[in-house]
Protein chains: 2
Amino acid sequence: MRFRGDRPRIGQVAQLAGVSATTVSHALNGRRPVSEATRQRILDAIDQLGYRPNVVARGLRAGRSMTIGLVIPDITNPFYPLLARGLQDVLGPAGYDEIITNTNGDRDLERAALDKMISRQVDAVAFAVFDTHAEDLQPVIEAGIPVLRLGGRLAQRGVDLLHTDDEGAAAEATRYLIGRGYRRIAFICGPAAQGPAAERVAGYRVALGKPGIVEHTEFSRAGGAQGMLRLLERRHVPDAVLCANDMMAIGALDVARQHAIEVPDQLAVMGFDDIEAASLISPQLTTMANPAREIGRAAGGLLLDRLSGNETGPPREIVVPARLVARQSA
Amino acid sequence: MRFRGDRPRIGQVAQLAGVSATTVSHALNGRRPVSEATRQRILDAIDQLGYRPNVVARGLRAGRSMTIGLVIPDITNPFYPLLARGLQDVLGPAGYDEIITNTNGDRDLERAALDKMISRQVDAVAFAVFDTHAEDLQPVIEAGIPVLRLGGRLAQRGVDLLHTDDEGAAAEATRYLIGRGYRRIAFICGPAAQGPAAERVAGYRVALGKPGIVEHTEFSRAGGAQGMLRLLERRHVPDAVLCANDMMAIGALDVARQHAIEVPDQLAVMGFDDIEAASLISPQLTTMANPAREIGRAAGGLLLDRLSGNETGPPREIVVPARLVARQSA
DNA sequence: CTGAAAGCGCTTACAG
DNA sequence: CTGAAAGCGCTTACAG
């Protein structure tokens, strides 16, 4: 058997303080009044012994592991660390830690991850995967674990929902370009059915007041370049492009550079997300920041409401606004 | 009391399979032979009931939480998600999950994080903070928890050590520049006493065979720019600069652009780390990749050896080589 | 304001 | 190859 160290247990604290384990427990958790003198002796004993309560034992008995499960595609995608940090900003001070699982967007791995979260008795799950089938969440819901879905639109019984205001963000970006005097504003988007594509196209069109010019390519640097090349072949070349994410915008800028097109004088380029590189490239990218950390914080707040039992109503949907970051490219 | 769902327990599986909980446990853990027929009935029962073992209960009894603590400055710094992913690459298949705590480099938060890891009964701790005092790790060591230190040089009883080969990497970068025909190679570094500064300067000088030109500024974009400006003021302006990280290299490139210096024809620029932006800027940055994910994997391997009891010897030190990524800037 | 005892859901000697 | 019982370290009715 593994060496356990000889960490003190609650019983030793009780003995040293001359009280019962019950009283030590209550002094620690505040669920029942403890006389000031007793409390002081207990705190002294804890200090003297270097006692640290065993969270695992507490979790087993109390039915709360003080752990939140975060299921995401890939922590290596810079959006998710910010999300995780935002969650921790709110949940950490309340005593919760996170267990993060990467699924690579694979459905089998997603299901395995959710299973594991149940096994680990997490107190809540935040789930950040776009295309998951609703039924995959069912076992978690049945286990009585609050679930929060990040991104996606699918309303579902027992699942709170949180996402960026994609339509509003696209509209704001478009209006910004109009306000800067650009007149032929195109939109380079990813595949129409993927992620927030539909909402962003909708916002673009609302702000424009007409269908505009929409090129569907891929959500990547190459996709952005390809979309830009197509736009350059048009009879009337646009004087501004809104790209559905920053990687695409960087691809569009690549093409502009190759064609010696001055940005932002001859062509404005905007992105979405505000990845780290946005401020590192030249010209610096003007973009709609996907407020990952704010989303994480909002998620933490929602979960805390569920965990504390303050909120027992039907699923809620919260929409987080994006933020315009004006730099050099538009 | 919180609603627990009505998840099946091991006893119900045992009952349905017509055996004892003991046998179910052994069928699951393989610590004792179970007849094939019995095993099959147990697996059927598990399937039928949708049983998932309670990891918390198991952890309490077995003294192993199947959890690793990862203590880092900030998950938002792109190095650490890669590190975490590398750890998970190795530890995940073995059934371990990670609890990540951000310390912002604050010593009080570091100590609190370590305390928490003890409370949570983690089976091992990976600790990625440069300037921690050795004694802060003492409580963890005394609790019998294996500790692995990432970065830093400080050998310490009971603590395995893992870091990049900074000296070798700087030497390799310098030799690469020499091989490309550059003749006046300068080095822009951060404060001499911070992080891996000393090792990198040493490697640069070894490869160069003389003291060379070293500017100490800050580990930031502004620091890189400042160092570059100083170099431009010299009588003999260098034809190549090695920067101690990519952000500094980007700062140096900013200055080169402002002064209409052609990169890499008039000036070569190299960085360290290979951050995401390195391939997104123009010209794309040639750099020594800090192999974060490989470091994570190596760390996972070391920890697994300790966890399995295969390795009970004195602390080990493992040095991970960096990798040259040749792009456009040098 | 405080304590004795049961119990959270497993694993593990001990016994056969 | 299998089972009954103890116990991991806490919290929580129950009782006073």
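So you know, we letter chains A, B, ... as the sequences are listed, proteins then strands, and number each from 1. Hydrogens, waters and symmetry mates play no part in the numbers below; they use all other heavy atoms, side chains included.
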Would you say [X] reaches [N]'s phosphate, i.e. side-chain N/O to OP1/OP2 under 4.0 Å?
| X | N | answer |
| --- | --- | --- |
| A:Tyr51 | D:dG9 | no |
| A:Arg9 | D:dG9 | yes |
| B:Ser25 | C:dT11 | yes |
| A:Arg58 | D:dG9 | no |

Would you mind telling me which of D:dG9, D:dT12, C:dT11 lies closest to the side-chain atoms of A:Ala57?
-> D:dG9
Measure from the side chain of A:Asn29, starting at C-beta and using heavy atoms only, and say which of D:dT11, C:dT12, D:dC10 lies closest.
->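 Nearest to the side-chain atoms of A:Asn29, counting from C-beta on, is D:dT11.
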Between [X] and [Y], does at least one N-O distance fall below 4.0 Å, as a salt bridge requires?
| X | Y | answer |
| --- | --- | --- |
| A:Asp115 | B:Arg52 | yes |
| A:Arg107 | A:Glu135 | yes |
| B:Asp89 | B:Arg297 | yes |

Runs of at least three consecutive Watson-Crick or G-U pairs, both distances under 3.5 Å, are what I'm after; which ones involve DNA chain D?
-> C:1-3 with D:14-16, C:5-12 with D:5-12, C:14-16 with D:1-3
Rounded distance in Å - [atom1] ([X]) to [atom2] ([N]):
| X | N | atom1 | atom2 | value |
| --- | --- | --- | --- | --- |
| A:Leu28 | D:dG9 | CG | P | 16 Å |
| A:Leu60 | D:dT12 | CG | P | 12 Å |
| A:Arg61 | C:dA5 | CZ | C1' | 11 Å |
| A:Arg7 | D:dC10 | CZ | C1' | 12 Å |
| B:Ile10 | D:dA4 | CD1 | P | 14 Å |
| A:Ile42 | D:dC10 | CD1 | P | 14 Å |
| B:Arg64 | D:dC8 | CZ | C1' | 14 Å |
| B:Ile118 | D:dC10 | CD1 | P | 14 Å |

Counting heavy atoms not belonging to B:Gln15, are there more than 12 under 6.0 Å from its CD?
->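 No, not enclosed.
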Min side-chain heavy-atom separation B:Phe127-B:Leu137 under 4.5 Å = yes
Any side-chain heavy-atom pair of B:Arg64 and B:Tyr96 under 4.5 Å =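 Yes, close enough: below the 4.5 Å cut-off.
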Going by atom types alone, do B:Thr67 and A:Arg120 pair a side-chain donor with an acceptor below 3.5 Å?
-> yes
Check: B:Arg7/B:Gln12 side-chain N/O donor and acceptor closer than 3.5 Å =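 Result is no, nothing qualifies.
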Could you give the side-chain donor-acceptor pairs of residues 38-50 of chain B under 3.5 Å, partners two or more places apart or in another chain?
residue	atom	partner	partner atom	Å
B:Thr38	OG1	B:Ser35	OG	2.7
B:Arg39	NE	B:Glu36	OE1	3.4
B:Arg41	NH1	B:Ala17	O	2.6

Could you list, one pair per line, each protein nitrogen or oxygen that sits under 3.5 Å from a nitrogen or oxygen of nucleotides 1-3 of chain D, together with the distance?
residue	atom	partner	partner atom	Å
D:dT2	OP1	B:Ser35	OG	3.2
D:dT2	OP1	B:Thr38	OG1	2.4
D:dT2	OP2	B:Ser35	N	2.9
D:dT2	O4	B:Arg32	NH1	3.1
D:dG3	OP2	B:Ser20	N	2.9
D:dG3	OP2	B:Ser20	OG	3.0
D:dG3	OP2	B:Thr23	OG1	2.7
D:dG3	N7	B:Arg32	NH2	2.9
D:dG3	O6	B:Arg32	NH1	2.5

